[in-house]
Structures are given as C-alpha cells and as structure tokens.
Amino acid sequence: QVQLVESGGGLVQAGDSLRLSCAVSGRSVSNYAMGWFRQAPGKEREIVAAITWSADRTFYADSVKGRFTISRDNAKNTVYLQMNSLKPEDTAVYYCAGGGFRAPIILLRTSNYDYWGQGTQVTVSS
C-alpha cells in the first residue's frame, strides 16, 4: 500500500520560509511524477508545483514562481517543496501527490495523480 506523508507545515510570518517534505512508502518514488497542490478554505485544490519522474522538468504556478522550489531525493523516497518569501495568500492545506508511472510529461491536474497525502497546514500571517 502506497502512503504519502507530508510534514513541515506551520504558522509563519510573511516573508518567512518553510520546507515541506513528502515521505513516500510502499513504492519507489523514483518512477513517479510528483506534485504539490494546495487548497484554501472555500477554494478548489490547485497545482503549486510538479516534477517529472526523471526530474528533468518542473512546473510552477505563476503565483509561486521564483519563490517555491520542488525537488526530489529518490534515495530517501522523499519529495520537497521549499517555500520562500511566503505571503498571506499562500495560506492553505498543502498536499503531496504521486502518479503517472514514468510519464514523460508534467502532470498538472488532480485527476492525473493516483496517490495523495493527508495534507499539512501552512498559515502565513501578515
């Protein structure tokens, strides 16, 4: 059984940084595309960042481009989201997702992903 467990969320002030981690068990993360999504109260879940299984391509939502960085450590079976210069509008529950066995493309939709974590809360105060 595949499990994704996010950690690293918390309450920070605007301008601070956080690093989210997504530890994967039950399957090697190295063969899967991975993504980070977020969902704010009353809003739909949206893509934040994504990375191909080979790590040769990444995607960032316009709202986080230049501030967030997605990376993966296949040896540790873990995916990260480094978040710098946080803003109050970044406040949301952040979810890690995996899918697309060796898919050669970036996966952007929630329906593209087969595995999801339980989410971690990020709250940015002004």
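All values below come from the heavy atoms of this structure, side chains included, with hydrogens, waters and symmetry mates left out. Positions are given from 1, in the same order as the sequence printed here.
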Enquirer: Does the salt bridge (Lys or Arg N to Asp or Glu O under 4.0 Å) test come out yes or no for Lys87 and Asp90, once each step is laid out?
Expert: CA-CA 5 Å; Lys87 303 176 181 180; Asp90 294 319; over 6 Å; no

Enquirer: Within the structure provided, determine whether Tyr94 and Met83 are in side-chain contact (heavy-atom separation under 4.5 Å).
Expert: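 Touching, per the 4.5 Å side-chain cut-off.
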
Enquirer: Using every non-hydrogen atom in the two residues, find where Arg67 and Ser85 come nearest and quote the distance to one decimal.
Expert: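 Looking at all heavy atoms of both residues, the closest pair is NH1-O, 2.9 Å.
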
Enquirer: For the SG atom of Cys22 and the CH2 atom of Trp36, what is their distance to the nearest 0.5 Å?
Expert: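 Output value for this atom pair is 5.0 Å.
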
Enquirer: Any chance the rings of Phe68 and Tyr60 have centres within less than 6.0 Å?
Expert: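 No.
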
Enquirer: Could you state the interatomic distance from CD (Gln82) to OG (Ser17), rounded to the nearest 0.5 Å?
Expert: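 One gets 6.0 Å once the value is rounded to the nearest 0.5 Å.
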
Enquirer: With no hydrogens and no angle check, do the side chains of Gln121 and Thr123 hold a donor and an acceptor under 3.5 Å apart?
Expert: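 Present: a donor and an acceptor within the cut-off.
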
Enquirer: Mark yes or no for whether Arg45, through its side chain, and Gln39, through its backbone, hold a donor-acceptor pair below 3.5 Å.
Expert: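 Side chain of Arg45 to backbone of Gln39: no pair is present.
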
Enquirer: Any pair with a residue in residues 100-113 that passes side chain to side chain donor-acceptor pair (under 3.5 Å), sequence neighbours left out, goes on the list, sorted by first then second residue, please.
Expert: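 Residue pairs with at least one partner in residues 100-113: Asn31-Arg102.
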
Enquirer: Strictly by modelled atom types, are Asp73 and Thr78 linked by a side-chain donor-acceptor pair under 3.5 Å?
Expert: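 The criterion, which ignores hydrogens and geometry beyond distance, is not satisfied for Thr78 and Asp73.
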
Enquirer: Check residues 4-11 and write down every donor-acceptor pair under 3.5 Å in which the side-chain atom is one partner and the other belongs to a residue at least two apart or another chain.
Expert:
residue: Glu6; atom: OE1; partner: Gln118; partner atom: N; Å: 3.0
residue: Glu6; atom: OE1; partner: Gln118; partner atom: NE2; Å: 3.4
residue: Glu6; atom: OE1; partner: Gly119; partner atom: N; Å: 2.9
residue: Glu6; atom: OE2; partner: Cys96; partner atom: N; Å: 2.8
residue: Glu6; atom: OE2; partner: Gly119; partner atom: N; Å: 3.3

Enquirer: With clusters defined by side-chain heavy atoms of hydrophobic residues (ILVMFWY) lying less than 4.5 Å apart, directly or transitively, does Val93 cluster with Val48?
Expert: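 Different clusters.
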
Enquirer: Looking only at heavy atoms, what is the nearest atom pair of Leu86 and Leu18, with distance?
Expert: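 So the two residues come closest at CD1-N, 3.9 Å.
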
Enquirer: Tell me if a side-chain donor or acceptor on Asn77 pairs with a main-chain N or O of Arg27 at a distance below 3.5 Å.
Expert: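 Flag set: sc Asn77 to bb Arg27 pair under 3.5 Å.
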
Enquirer: Is any side-chain heavy atom of Val122 less than 4.5 Å from a side-chain heavy atom of Leu20?
Expert: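 Answer yes - side chains close enough.
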
Enquirer: I'd like to know whether Asn74 forms a side chain to side chain contact (heavy atoms under 4.5 Å, CB included) with Val29, so could you lay out the CA-CA distance, the side-chain angles of the two residues, the decisive distance to 0.1 Å, and finally the verdict.
Expert: CA-CA 6 Å; Asn74 291 338; Val29 74; 3.5 Å; yes

Enquirer: So, for Ala33 and Leu107, which heavy atoms are closest and what is the spacing to 0.1 Å?
Expert: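 Ala33 and Leu107 have their closest heavy atoms at CB-CD1, 3.7 Å.
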
Enquirer: Under 4.5 Å between side-chain heavy atoms, counting indirect links through other Ile/Leu/Val/Met/Phe/Trp/Tyr residues: same cluster for Phe59 and Tyr95 or not?
Expert: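 Yes, Phe59 and Tyr95 fall within the same hydrophobic cluster.
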
Enquirer: If I take atom OH from residue Tyr32 and atom CZ from residue Phe101, how far apart are they, to the nearest 0.5 angstrom?
Expert: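 Atom-to-atom, Tyr32:OH and Phe101:CZ are 5.5 Å apart.
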
Enquirer: Quick one: closest heavy-atom pair of Thr58 and Ile70, and the distance?
Expert: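 Taking Thr58 first and Ile70 second, the nearest heavy atoms are CG2-CG2, 3.9 Å.
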
Enquirer: With rounding to the nearest 0.5 Å, note down the distance linking CE in Met34 to CG in Leu81.
Expert: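 Met34 CE to Leu81 CG: 11.5 Å, rounded to 0.5 Å.
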
Enquirer: State, yes or no, whether a side-chain contact exists between Val64 and Arg38 at a heavy-atom distance under 4.5 Å.
Expert: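 Yes, at least one pair of side-chain atoms sits under 4.5 Å.
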
Enquirer: Please report the shortest heavy-atom distance between Ile47 and Ala50, naming the atom on each side.
Expert: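 So the minimum-distance heavy-atom pair works out to CD1-CB, 4.2 Å.
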
Enquirer: Spell out, as yes or no, whether a donor-acceptor pair under 3.5 Å connects the side chain of Ser125 to the backbone of Ala14.
Expert: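 Flag not set: sc Ser125 to bb Ala14 has no pair under 3.5 Å.
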
Enquirer: Ignoring hydrogens and geometry beyond distance, is a side-chain donor-acceptor pair present between Tyr80 and Arg72 at under 3.5 Å?
Expert: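 No - no donor-acceptor pair under 3.5 Å links their side chains.
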
Enquirer: CD1 of Ile51 to CZ of Arg57: how many Å apart, nearest 0.5 Å?
Expert: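 The CZ atom of Arg57 is 11.5 Å from CD1 of Ile51, to the nearest 0.5 Å.
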
Enquirer: What about Trp116 and Phe37, are their ring centers closer than 6.0 Å?
Expert: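 For Trp116 and Phe37, the ring centres are under 6.0 Å apart.
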
